[in-house]
Amino acid sequence: MDTKLFQLTEIKEAAGLLKAGELISFPTETVYGLGANAMDEAAVKKVYAAKGRPSDNPLIVHVASVEEVEKYVGEISKQAKDLMAKFWPGPLTLIFNVKTGVFSETVTGGLASVALRMPDNAATLALIKYAGVPLVGPSANTSGKPSPTMAAHVYHDLHGKIAGILDGGATGLGLESTVLDMTNPEEPTILRPGAITKEELELVVEKVYLDQHLVSKDERPKAPGMKYTHYAPNEPVVIVDGTEEQWRKAIMYYKNLGEQVGLLANENRVNQYKKEVTEVFSLGNKDNTTQAAKALYAGLRFFEKTAVTLILAEAYDSKGIGGAYMNRLEKAAGNHYFLEKESKE
Ligand code: TXA
Ligand code: MG
């Protein structure tokens, strides 16, 4: 199958393919999604096949309006209404108790709930409206790889497997939406951190909880997707969280082991060490977490095209979107931080 790159003037054509049961990748404010008609089970099955995604991992259903939600969920709590009013369209996915019989088990992974989100991207909202149906939309990467933040990333992973990509340029935020479980409205619980933080949510609902796996690394995550290896490039990633001295030691240590070291770090660090390592990718200003979040996945993907065999990656402060940045980076690194003792072993 040829994968067509659709421009923003060709949204109707792309919507036609969705209606016909084909897969179209769409841009959002977070990452690119892999769209299929959520009401067409055969089309949804193709999504799992194209991504190589485990079938117990449910999909987010993307809607074009708040009103639509009533069609898919039983009772909408006041808390959920307030959250949608404040944050939709935007990077917040809400988990609701689903109305029985609306979505197939292929969409919900057989759970009694469904994940809904209204993306903040005019082209994609138009695409959903023209298609006339809600769209499932997992991130449009091969399962386990970093999510795509550009049409070229989607093409790299999925060309030949999907009908088209709606090219909306680079995505704004660069990390997937915050996933908030609202199945018990008295206990809104963050299952996946994103650009919208616990503190921001607590300006709308009284108290927001964190799923245990975000607090203790031993807990099994409640969002099925969070238990898989994720966001990982082909090369191992090691996080460096520390002083200049630590960075020097880490670089030396891995070079001595014969690794071709890649540096995924802030601008200053990249400039300082670029002559000593194989490749570098700048995450931008050292104090700008927003910029780092936006660049993270492109950076992880960059090293796949190089001779680098090991990536040393920069830890950022976990305030604001930094929490989501560190969550994704820790997953990409399998929680491997460079420790002083390593350099002494
Ligand atoms: O920003 C985003 O959310 C992107 C864009 C494309 O919208 N989409 C995305 O989808 O990240 P995906 O499939 O890669 O991640 C969906 C996450 C997974 O961790 C999945 O397990 C969880 O949401 N999820 C989906 N339905 C759920 C449910 N009913 N209960 C708990 N977790 C659920
Ligand atoms: Mg994903």
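Counting convention: from 1, in listed order, for ligands and their atoms alike. Bear in mind the structure is a predicted one, so any value in this text is a computation, not a measurement.
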- request: Please confirm whether the backbone N or O of Ala80 pairs with a side-chain atom of Ser77, one donor and one acceptor, at under 3.5 Å?
  value: yes
query: Any idea how Tyr72 and Phe103 line up, ring-wise: parallel (<30°), tilted (30 to 60°), or perpendicular (>60°)?
result: tilted
- prompt: If you measure from each heavy atom of Gly137 to ligand 1, is any distance below 4.0 Å?
  reply: yes
statement: Here the atoms of ligand 1 under 4.0 Å from any heavy atom belonging to Ser177 are 1 (O), 2 (C), 3 (O)
query: Just checking, Lys46 and Tyr48: is the charged tip under 6.0 Å from the six-membered ring centre and within 45° of the axis?
result: no
Presence of N, O or S from Ser143 under 2.8 Å of the Mg ion (ligand 2): no
message: So is Ile95 touching ligand 1 or not, going by heavy atoms under 4.0 Å?
response: yes
task: Select one of side chain, backbone, both or neither to describe which atoms of Arg53 lie under 4.0 Å from any atom of ligand 1, heavy atoms only.
output: side chain
query: Between Glu245 and Lys249, does at least one N-O distance fall below 4.0 Å, as a salt bridge requires?
result: yes
- request: Closest by any non-hydrogen atom to atom 29 (N) of ligand 1: pick that one out of Pro58, Pro119, Ser113, Gly33.
  value: Ser113
Cationic N near anionic O, under 4.0 Å, Glu314 to Arg269: yes
- prompt: Ignoring hydrogens and geometry, is there a side-chain-to-backbone donor-acceptor pair from Arg53 to Pro58 under 3.5 Å?
  reply: yes
query: Has ligand 1 got any nitrogen or oxygen that is less than 3.5 angstrom from a nitrogen or oxygen of Arg192?
result: yes
message: I need the contact type for Asp181 against ligand 1. Using non-hydrogen atoms and a strict under-4.0 Å cut-off, is it side chain, backbone, both or neither?
response: neither
task: Decide yes or no on side chain to side chain donor-acceptor pair (under 3.5 Å) for Ser65 and Glu68, but give the supporting numbers first.
output: CA-CA 6 Å; Ser65 71; Glu68 249 174 284; 3.3 Å; yes
message: Under a 4.0 angstrom heavy-atom cut-off, which atoms of ligand 1 come close to Ile60?
response: 3 (O), 8 (N), 9 (C), 10 (O), 16 (C)
